[in-house]
Amino acid sequence: DHTIALTTAMKLGNLVFDDGNFNGIADADEGISGVTVQLFEEGDVPGASLPVAQQTTAADGTYLFEDVPPGRWFVHLPASQFGPSGILHGYFSTPGAASGDDDAGEDGIDSANPPLTGISSATVLLEPDAAPTLTTGETGYAASSDDADDANGDLTIDFGLQQTVGIGNLVFIDSNFDGVASASEG
């Protein structure tokens, strides 16, 4: 006798977006294309473990891992994407991951140094017929794209990113009123 175990093929994905208006949610046309997105099993360590799968975001910023077996998974944006030659150079995770789909928040765990660590999502439990649906929280961008088998596709793992900004230079007393900092005024 042989036992054959059948498992439900599941899907996991959704959106990497530039939260340029700093509102913490995905708005129209904020998707970032060309970003490498990796899938790991719970307990894996990005950079030390090989990803189970890897995708590149589409023109609208979406990604999708198909045929994922049930289990505990997390999604990761690799550190190389945030390095000097990476597509996400100068970006960091929108502060304070919020639960819900991209129309309510984003799922990137804040990292103090994305060029060193990358950015990961929290662990996601994929169980057959238990993924979020339109009525249970899958309400963000492209949420209807898995409606043919909605309860077996979780399209709520989103990464909101913001660009770093710099402030600074010189405060001076313009004692000669010429509008230019002189050596004695700085």
Side-chain angles (χ1 to χ4, degrees), residues 3-19 26 31-102 105-132 137-138 140-142 145-146 149 151-164:
T3 302
I4 298 174
L6 299 176
T7 61
T8 301
M10 310 224 20
K11 297 177 183 180
L12 184 64
N14 215 32
L15 185 65
V16 177
F17 65 97
D18 179 348
D19 187 19
I32 305 172
S33 67
V35 177
T36 299
V37 182
Q38 298 175 329
L39 180 66
F40 287 92
E41 289 185 87
E42 181 181 47
D44 285 351
V45 177
S49 306
L50 291 176
V52 173
Q54 182 168 294
Q55 295 290 329
T56 302
T57 58
D60 63 355
T62 57
Y63 67 91
L64 181 65
F65 295 103
E66 297 185 89
D67 299 321
V68 179
R72 299 180 69 79
W73 303 93
F74 68 95
V75 179
H76 182 72
L77 304 180
S80 62
Q81 297 288 278
F82 297 92
S85 61
I87 193 168
L88 300 176
H89 180 70
Y91 280 91
F92 61 96
S93 183
T94 296
S99 62
D101 209 347
D102 58 69
E106 65 90 31
D107 303 293
I109 297 172
D110 297 343
S111 168
N113 194 354
L116 181 63
T117 63
I119 297 175
S120 295
S121 71
T123 299
V124 177
L125 175 61
L126 288 182
E127 294 181 293
D129 301 317
E138 189 177 85
Y141 183 76
S145 65
D146 70 344
D149 193 19
N152 289 309
D154 184 341
L155 301 183
T156 66
I157 310 305
D158 309 296
F159 292 88
L161 304 171
Q162 297 174 346
Q163 290 187 324
T164 55

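A quick note: this is a predicted structure, and the numbers were derived from the prediction, not measured.
Using a distance-only test at 3.5 Å, with no hydrogens or angles considered, a donor-acceptor pair links the side chain of Asp158 to the main chain of Leu15. Counting only distance, with no hydrogens or angles, the side chain of Ser93 and the backbone of Pro95 share no donor-acceptor pair below 3.5 Å. The backbone N or O of Thr36 lies less than 3.5 Å from a partner atom in the side chain of Gln81, making a donor-acceptor pair. Side chain of Thr57 to main chain of Gly34: a donor-acceptor pair is present (N/O by atom type, distance under 3.5 Å, no hydrogens or angles). Distance alone, capped at 3.5 Å, places no donor-acceptor pair between the Ser49 side chain and the Asp44 backbone. A donor-acceptor pair is defined here as one N or O able to donate and one able to accept, closer than 3.5 Å; no such pair exists between the side chain of Thr62 and the backbone of Ala58.
Residues Ser120 and His76 form a side-chain contact, since some pair of their non-hydrogen atoms from C-beta on lies under 4.5 Å apart. Taking the side chain as every heavy atom from C-beta outward, Glu41 and Trp73 approach each other to under 4.5 Å. Side-chain contact check for Leu161 versus Leu77: some heavy-atom pair is nearer than 4.5 Å.
Under the side-chain hydrogen bond (donor to acceptor under 3.5 Å, both in side chains) criterion, Gln55 pairs with no residue at all, not counting sequence neighbours. When the side-chain contact (heavy atoms from CB on, under 4.5 Å) test is applied to Pro51, the partners found at least two apart in sequence or on another chain are Gln38, Phe40, Gln54. Asp18 is linked by a side-chain hydrogen bond (donor to acceptor under 3.5 Å, both in side chains) to Tyr91, counting only residues two or more places apart in sequence or in another chain. Here Thr123 pairs with Glu42, Arg72 under the side-chain contact (heavy atoms from CB on, under 4.5 Å) rule; sequence neighbours left out. Shown here are the side-chain hydrogen bond (donor to acceptor under 3.5 Å, both in side chains) partners of Tyr63, two or more places apart in sequence or in another chain: there are none. Partners of Ser121 according to the side-chain contact (heavy atoms from CB on, under 4.5 Å) rule, which considers only residues two or more places apart in sequence or in another chain, are Phe74, Val75, Ile157, Phe159.
The two residues Pro115 and Ala79 make their nearest non-hydrogen contact at O-CB, 3.4 Å. Minimum interatomic distance between Glu66 and Lys11 (heavy atoms only, all atoms of both residues): OE1-CE, 3.6 Å. Between His89 and Pro84, the shortest heavy-atom contact is ND1-CA, 3.4 Å.
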- Would Leu64 and Leu155 satisfy side-chain contact (heavy atoms from CB on, under 4.5 Å), going step by step from the backbone distance to the final call? CA-CA 8 Å; Leu64 181 65; Leu155 301 183; 3.6 Å; yes
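Residue Phe82 holds its CZ atom at 3.5 Å from CD1 of Ile119, rounded to the nearest 0.5 Å. Note that OG of Ser80 is 9.0 Å distant from CG of Leu88, once rounded to the nearest 0.5 Å.
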